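Given the structure is predicted, the values throughout are model-derived calculations rather than measurements. Sequence positions, counted from 1, serve as the residue numbers for this chain.
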Amino acid sequence: MNGTGPIRDVYDAIADPTRRKLLRLLADAEELPLNELTVHFQMGRTAVSKHLAILKEAGLVTNRKVGRETRYRLNAAPLREIEDWVSFYRKFWNDRVLLLKNLLEEE
């Protein structure tokens with residue numbers, strides 16, 4: 001707990017396709033203001049802001065105020081946890097495919 005509620009889980013944060021698209025957009029730019037992010041979705045600024053807040057809770061996004069505008073930036077470090085998790089299963093499947101290949105070549 002951080003005093004304002006539980007910190008959101010990275011897996012939960014990226015479960016939504018809208019949030020994954022926001023991360024992809026932020027990965028392609030140094031930082032983007034809310035209005036530039038909103039044009040990529042068929043939803044209003046409030047809905048996009050709520051998705052960004054979830055990503056921020058998970059530590060995947062940071063923001064800063066520039067005048068009246070809020071700009072968002074990707075923080076990819078928490079995605080390392082997911083990469084580590086996926087790499088375990090990638091090795092699992094690669095090992096299984098190699099085993100199958102060896103079995104087929106023996107026959």
Could you check whether any side-chain heavy atom of [X] comes within less than 4.5 Å of a side-chain heavy atom of [Y], counting everything from C-beta outward?
{"X": "Phe41", "Y": "Leu25", "answer": "yes"}
{"X": "Tyr72", "Y": "Lys56", "answer": "no"}
{"X": "Leu32", "Y": "Leu37", "answer": "yes"}

### Task
Tell me, please, which residues at least two apart from Phe88 pass ring pair (Phe, Tyr, Trp, His ring centres under 6.0 Å).
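Testing Phe88 for ring pair (Phe, Tyr, Trp, His ring centres under 6.0 Å), a comparison that skips the adjacent residues, returns none.
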Considering non-hydrogen atoms only, spot the tightest contact between [X] and [Y] and give its length.
{"X": "Leu60", "Y": "Pro78", "answer": "CD2-CB, 3.8 Å"}
{"X": "Thr38", "Y": "Gly44", "answer": "CG2-C, 4.0 Å"}
{"X": "Asp16", "Y": "Thr18", "answer": "OD1-N, 2.7 Å"}
{"X": "Arg68", "Y": "Lys65", "answer": "O-NZ, 4.3 Å"}
{"X": "Ala13", "Y": "Leu55", "answer": "O-CD2, 4.0 Å"}
{"X": "Gly59", "Y": "Asn75", "answer": "O-ND2, 2.8 Å"}

About how many Å separate [atom2] of [Y] and [atom1] of [X], when rounded to the nearest 0.5 Å?
{"X": "Glu81", "Y": "Asp84", "atom1": "CD", "atom2": "CG", "result": "8.0 Å"}
{"X": "Glu36", "Y": "Leu26", "atom1": "CD", "atom2": "CG", "result": "10.5 Å"}
{"X": "Thr70", "Y": "Glu31", "atom1": "OG1", "atom2": "CD", "result": "10.5 Å"}

#### Entry: Under 3.5 Å: donor-acceptor pair, side chain of Arg71, backbone of Asn63
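Side chain of Arg71 to backbone of Asn63, a donor-acceptor pair under 3.5 Å: no, none is there.
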### Message
Please check: side-chain N/O of Lys21 versus main-chain N/O of His40, any donor-acceptor pairing under 3.5 Å?
### Response
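Between the backbone of His40 and the side chain of Lys21 there is a qualifying donor-acceptor contact (under 3.5 Å).
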For residues 47-54, please give each side-chain donor-acceptor pair under 3.5 Å, one per line with the distance, not counting sequence neighbours.
unit_1	atom_1	unit_2	atom_2	d
Ser49	OG	Arg45	O	3.0
His51	ND1	Arg19	NH1	3.1

### Query
So, are Asp95 and Lys91 salt-bridged, with charged N and O less than 4.0 Å apart?
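Salt bridge flag = yes for Lys91 with Asp95.
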### Message
I'd like to know if Arg90 and Glu83 make a salt bridge, using a cut-off of under 4.0 Å between side-chain N and carboxylate O.
### Response
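Salt bridge between Arg90 and Glu83, a charged N being under 4.0 Å from a carboxylate O: yes.
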### Task
Using the rule that two of Ile, Leu, Val, Met, Phe, Trp, Tyr join whenever any of their side-chain heavy atoms come within less than 4.5 Å, decide whether Leu79 and Tyr89 are in one cluster.
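Leu79 clusters together with Tyr89.
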### Task
Look at the side-chain heavy atoms of Ile, Leu, Val, Met, Phe, Trp and Tyr, link any pair under 4.5 Å apart, and say whether Ile14 and Val86 land in one connected group.
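Linked within one cluster.
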### Message
Name the residue from Leu100, Asn102, Asn94 that meets the side chain to side chain contact (heavy atoms under 4.5 Å, CB included) definition with Leu98.
### Response
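Filter result, single survivor: Asn102.
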